[in-house]
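Chain A is the first sequence line, chain B the second, and so forth, proteins listed ahead of strands; every chain is numbered from 1.
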Amino acid sequence: MQSLNLYEPMIATIKSVKELTPTEKMFEVELPDGKRLGHGPGQFVEMTVFGVGEAPISICSSPTDGNNFHLTIRKVGDVTGVVHTMKPGDKLGIRGPFGYGFPVDQLKGHDIIIVAGGIGLAPLRSVINYIFHNRSDFGQFTIIHGAKTPSDMLFKDELEGWRKNPNVVYLETVDRPTPEWKGNGGVITTLFKKVGKINPDNTYALVCGPPVMYKYVILECGVLGIPDSHILASLERRMKCGLGKCGHCQINGLYCCQHGPVFTYTQIKHLEEAL
Amino acid sequence: MSKPRIAFFDFSCCEGCQLQVLNCEDELLDLLALVDIVQFREAMTEADWNFDIAFVEGSITREQDEPRLKKIREAAKLVIAIGACSGMAGINAIRNAMPVDKAKEIVYGNKKDAFESTFARPIDTVIKVDGYIPGCPIDRKDFLRTVQALLVGKKPPDHDYPVCQECRLRENECLLTVGIPCMGPITRGGCDAIEPTFGSPCIGCRGLVSEANIESCKQMLEKHGLTIEDISKYMTIFNSFQKEEKHA
Amino acid sequence: MEQRVMEKKDVKSFIAELIKLYPAVYGPVAKGKSVVFDRLKDAGEAKFSYTRSILPPKKYLMPQQECIMKFDMPPNPKAESVVEFEDQVIVGVHPCDIRAIKLLDMIMNGGNPDDNYNKRRGHTVIIGIDCVPDQYCYCSSVMDLRCTDGFDIFLTDLGDQVLVDVLTEKGKEVISKIETKPASSTHLKKQDELLEAKKKLFTAKFTGPAQLLPLELEGQWEAPVWEDMGKKCLSCGQCVLVCPTCYCFDVTDELALSMKKGDRVRKWDGCQLAGFAYVGSGENFREEPGARVRHRYHRKFKYHVDSHSMTFCTGCGRCWVHCPVEINLVEISNRIFKREAECKA
Amino acid sequence: MPDHDIHVHYVTRVEGHGDIVCKTNNGVVEKAEFNVVEAPRFFEAACVGRAHYEIKDIVTRICGICACGHALASLRASEAAMSIEPSEQTVDLRKIVLHGETIQSHFLHTYFLAAPDFLGVGSVIPLASSHKDVVVRALKLKKLGNDISETIVGRHVHPITLKINGFSKLPDPAALKAIQKRVIEALPDIEATVDLFSTIKVPELYRETEYISLGPTNGDKEYPFYDGDIISSLGQSYRPSNYQQVCNEEVDPKHTAKLCKHKAPSYQVGALARFNNNYNLLRPEAKKIAEKLNLKAPNHNPYNITMAQVVEAVHVAYDLIDLIDKVLTKGIKEENNKYQPKAGTGAGAVEVPRGILFHSYKYDSNGICQWADCVIPTTQNVRNINEDMKTLVPTIIGKSQEEVSLLLQMLLRAYDPCISCSTHLINVRFE
Ligand SMILES: Cc1cc2nc3c(=O)[nH]c(=O)nc-3n(C[C@H](O)[C@H](O)[C@H](O)COP(=O)(O)OP(=O)(O)OC[C@H]3O[C@@H](n4cnc5c(N)ncnc54)[C@H](O)[C@@H]3O)c2cc1C
Ligand code: SF4
Ligand code: SF4
Ligand code: SF4
């Protein structure tokens, strides 16, 4: 049971670790007694590495993926650095789930375009898997994925499946192609040409990636005619509590941890600090 | 897991930072439970060159210091610069403002040529440094926090915020409000604002914060009655060394 | 609200009584030429004629640094939240700080209630006191001078006597420890006169109504005032650390030297410090000092007003007094009222 | 007879870098000397052009161990130069600070730097498991010294509150009272220290030399640390302003650095010099300890410097109790510390743990330093250390190389040298 005090983490166990790239690893995490986290796609947890600190990490698995959940973590600093040295059986602290994720019920019945840049694919994987598991609830399904180089791509074996999967249009590109790379080259926006005709009013675009990416991708969504309220962006900010108190994640008047991390473009369009 | 092995070395300095380590009287025995100290000339005769972390105090001021420092770098997994002398040449760099010859002459008169000495430099002009514990002297708690951070795999704390932050949290009377010029607003914190807490202005021994607004600070100090000349001297008690300086 | 009077000479024995009854009584005491809130060991220490304390009394509801969780290190980690509180009385709280506590109550109760703050708050008796403004005070521009809620009892110095506004049950209980008489209309009239006189003492004033600032700020995101202030600002964070309505914090894990256990500690943090909005991917969402000054200003006069209909600056003047480069929200507000952005455009 | 060829590079458990070289040939001593290999730091040059209020903060960085002593010598010099008379309260508090430093430094030296030799180990670290009680006691006593500094000057290494003509912040009387209580509580630990050292037999060495220290001015009854004239055991006394006639720092043609010389070929400063010169002024409690340690003035064995430190520690502990009483009885008052900088030259002489220390400055009328000079105890002792080594080696020449090396190192350590602080001692090589 989540303790009454919102600052107290549950003790969770790492069940498996998978190296995705030299700087990213995926961790399968089990809560005490195999309890479910009870999250929705797009939500995040506050993950404790004891003695090091806490960091907000998106849940990269769908609630339909089973009782355990997955975290994909890029090594950038203290918490993320030390968690990279951890092995199955090691313990983490988990608080959450927190935040406002992707409104899957509202998305049902619509065409979905996922736009993922780099590590942005991690939070989106939760909703991607959710859609695959409830495929018939959704219309046309497109994934647009960009990475810096082929080796930076996350979930490589899953990508292999998506490439072959007739239930999804999977488009990918790398900024800097290598000689072995057979696919597209160039930044992610170049893929929008390949999207073809869509029914904009019936389409939702779900976007996550590095801060520089949003502006351009949202422009492209606009070109496709997707209404602002149908563009959902998951944003990153510094966070210390996840509860709308510590102030770090504020985007103008909104708190990324409470009102987001997933926002509609309508919500953030007029916010000077959002994108 | 075997205990990490740590070693202490010094170059041109007052050894006050190492003394600060010895001054952790309450913690020393616990510290020894966590690490093995294998070299510490100021306090021990045993000297082992097999260590994980080297804490280096003091500035580089002579050619002959360089090979010794490089040997330390080769032996250590991590090199941590301790103190202002080691991290930014500190007080030793005051003399960089005058030709080495002049400094020698002031102190040794016509015997000046008997000494080998060059510019005073921080150790990172010679080797790669993995972390810094700033201050003249280092703060004891800061030293212990750094050791702990390294042991759990974190980077050493960098305290990249001005001394004023800690000064305010300690609820000191700001010296500026009583007319004493203070370097707190541009100096890196982590010392718990010890100088202002004892009624004395911060003199910048921890170096500048990375986004120091020096221009505005100068104007502010001028308003408090210092001349530009006073200010620039004040700012160079510890912060004389400019990274661009090549050694002579 | 019940209004009573006590003899001025009884104030001291009243405080002495409180010190006997409560585990902790805090009040304003001298520190050099300044005043700080500190634990009162005896009634004589309290210095009631003061302008502003360095840190606001909020430090007894949300300390500069507090342990929020204790943990054991792996292999078998344990985590247990920590909430420390005791019955406490804060005496000598000025109307601006009372209002600030009211605002904090709103924040800490709203959304995800903050246990640590709320428990402490629930065990706190607040005894307010009226004050005399100096040249840095501007509460008259941002709030009502008459203090009507947020305290348990409130004292107004009427000369030989002290008017006691008793607002809560806790207040009633506290005041019953000392002899008081019901206030007469003369007393109340005197209080009105004092407030009227106080109004005239303010030299720092907004040139427009603070409630209109959210509207005035529209279109002034790029106003020159931000860059001007940004050039001056030293990013020292003092303005936000002394502010009674600021509540941002940082959280760190601090290990015991044994490295077998540790405390998770929350400490005051501030949006004017350079690294406040820095994220791991290398982006600083408010890189320029001017953007940070603008953010702070908006937090005081727009964002919270939009969501809570309350201005989050009480005009206490602390940030002005402590800013080494004298950045102050009166000057900024008055420049906002001037709509310089449009003049430029 | 084995011949010795000893070169100890960077003698350990001393402050700063020094080497010992000893060479014998067919039983004849060719070389026995202490070489300083410290890098020059040019403090006097750094002071030139600096304002009066910056000088103390610069010169305390000469040495971390006697930072308070440097600060006090510096303040006294600046005050002498600008004709400032600090108040009695200031002087009393400064004396407490200096005593704190003596306690911290003497216990650091006796326990951490010297004792391991007597107990046959390389450092105090192995003692942490074999003699835990001794180490705990040593840490406790050292901490007491540190806490005295912390209470009055903020921290021991580079003291904060010490200022020209007063303090930037006065200590809290309650804290001072608490310190006094701790000194009283530490007396049994000090007693135990005496017991420990009374079981130790220092190596033999007899060499008469000149002893220089502060001595009482005009019949003062105080064992002088902070105040007094400069006196020589060979009879002569000077005002501090004439310190240059005492140390005669001169460039000896044979050597490459300034060395000191008074009447005898070399002279000694430090705990034993003070003990020899001022024995009569020791408190009775300390005299009793001297007796217990079999130490009589004058004593001519430099290894006994360590023993003299133990005696002084006892003296200082009792003196502290009285000094704090005096300060608290009079009550600590805020004072006006303002002063007007003015032109002048002045010197300060203070007894720091390792011996007499001189600072001297010349200021212009704006209080900008024009010239500075600092003469450190170890600088004054260097010649004497070498003379001692020359006397020692022939008496132990039959011992093994290790033993000779150890005895030489112990001799050097007895002086508790502060090499990095010896501003004028660069590359001293006795060829
Ligand atoms: C909602 C949300 C979801 C997220 N999801 C994921 C996810 O799924 N996977 C993932 O890998 N990451 C995710 N992140 C990002 C992740 O939270 C950060 O990378 C993480 O907090 C970094 O913590 P750390 O302790 O490892 O790094 P830190 O040690 O805190 O620092 C990281 C870097 O920033 C620098 N730095 C830190 N603080 C400062 C400062 N004040 N000033 C200057 N430099 C500073 C450090 O030097 C270092 O280079 C998410 C973030 C949010 C808000
Ligand atoms: S005294 Fe110095 S460090 Fe403290 S707040 Fe004032 S300027 Fe900053
Ligand atoms: S913003 Fe300034 S004046 Fe307003 S409440 Fe905060 S500290 Fe007081
Ligand atoms: S107190 Fe002034 S200088 Fe410091 S951060 Fe605030 S506005 Fe900037």
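For chain B, the nearby part of C/Asp253 is the backbone; its heavy atoms alone come within less than 4.5 Å. For B/Arg170, the part lying under 4.5 angstrom from a heavy atom of chain C is the backbone only. Heavy atoms closer than 4.5 Å to chain B are found in both the backbone and the side chain of C/Lys33. In this structure, chain B has a heavy atom under 4.5 Å from the side chain of C/Lys59, while its backbone stays farther away. Heavy atoms of C/Leu273 lying under 4.5 Å from chain B belong exclusively to its side chain. When heavy atoms are compared at a cutoff of 4.5 Å, C/Glu287 approaches chain B solely by way of its backbone atoms N, CA, C and O. Heavy atoms of C/Gln65 lying under 4.5 Å from chain B are absent altogether. If you measure heavy-atom distances from B/Glu173 to chain C, the contacts under 4.5 Å come from both the backbone and the side chain. The parts of B/Leu169 that come within reach of chain C are both its backbone and its side chain, each placing non-hydrogen atoms under 4.5 angstrom from that chain. Of the atoms belonging to C/Ser34, heavy atoms from both backbone and side chain fall under 4.5 Å from chain B.
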Checklist entry - When you look at B/Phe40 and B/Phe9, which way does the ring-ring contact (aromatic ring centres under 6.0 Å, His included) test go after all the steps? => result CA-CA 7 Å; B/Phe40 196 158; B/Phe9 299 92; 9.8 Å; no

Checklist entry - ring-ring contact (aromatic ring centres under 6.0 Å, His included) between C/Trp268 and C/Phe249: does it pass, once the steps are laid out? => result CA-CA 4 Å; C/Trp268 292 3; C/Phe249 56 82; over 10 Å; no

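To the nearest 0.5 Å, atom CD1 of residue C/Ile332 and atom CZ of residue C/Arg335 are 8.5 Å apart. Here the OH-SG distance, from C/Tyr247 to C/Cys243, works out to 10.5 Å after rounding to the nearest 0.5 Å. The CE atom of C/Met62 sits 14.5 Å away from atom CZ of C/Arg121, with the distance rounded to the nearest 0.5 Å.
Contact count versus chain C (heavy atoms, under 4.5 Å) is highest, among B/Val147, B/Asn172, B/Thr177, B/Ile186, for B/Asn172. Note on C/Glu326, C/Glu254, C/Gln238, C/Lys231: by heavy-atom pairs under 4.5 Å with chain B, the leading option is C/Gln238. Interface check for chain B: of the options C/Leu257, C/Val240, C/Leu241, the most heavy-atom pairs under 4.5 Å are formed by C/Leu257.
Annotation for C/Gln64: atom CD counts as buried by contact number, over 12 foreign heavy atoms lying within 6.0 Å.
Taking the six-membered ring where the residue is Trp, the centroids of C/Trp226 and C/His295 are separated by 6.0 Å or more. A centroid separation of less than 6.0 Å is found between the aromatic rings of C/His94 and C/Tyr50. A ring-centre distance under 6.0 Å is found for C/Tyr60 and C/Tyr26.
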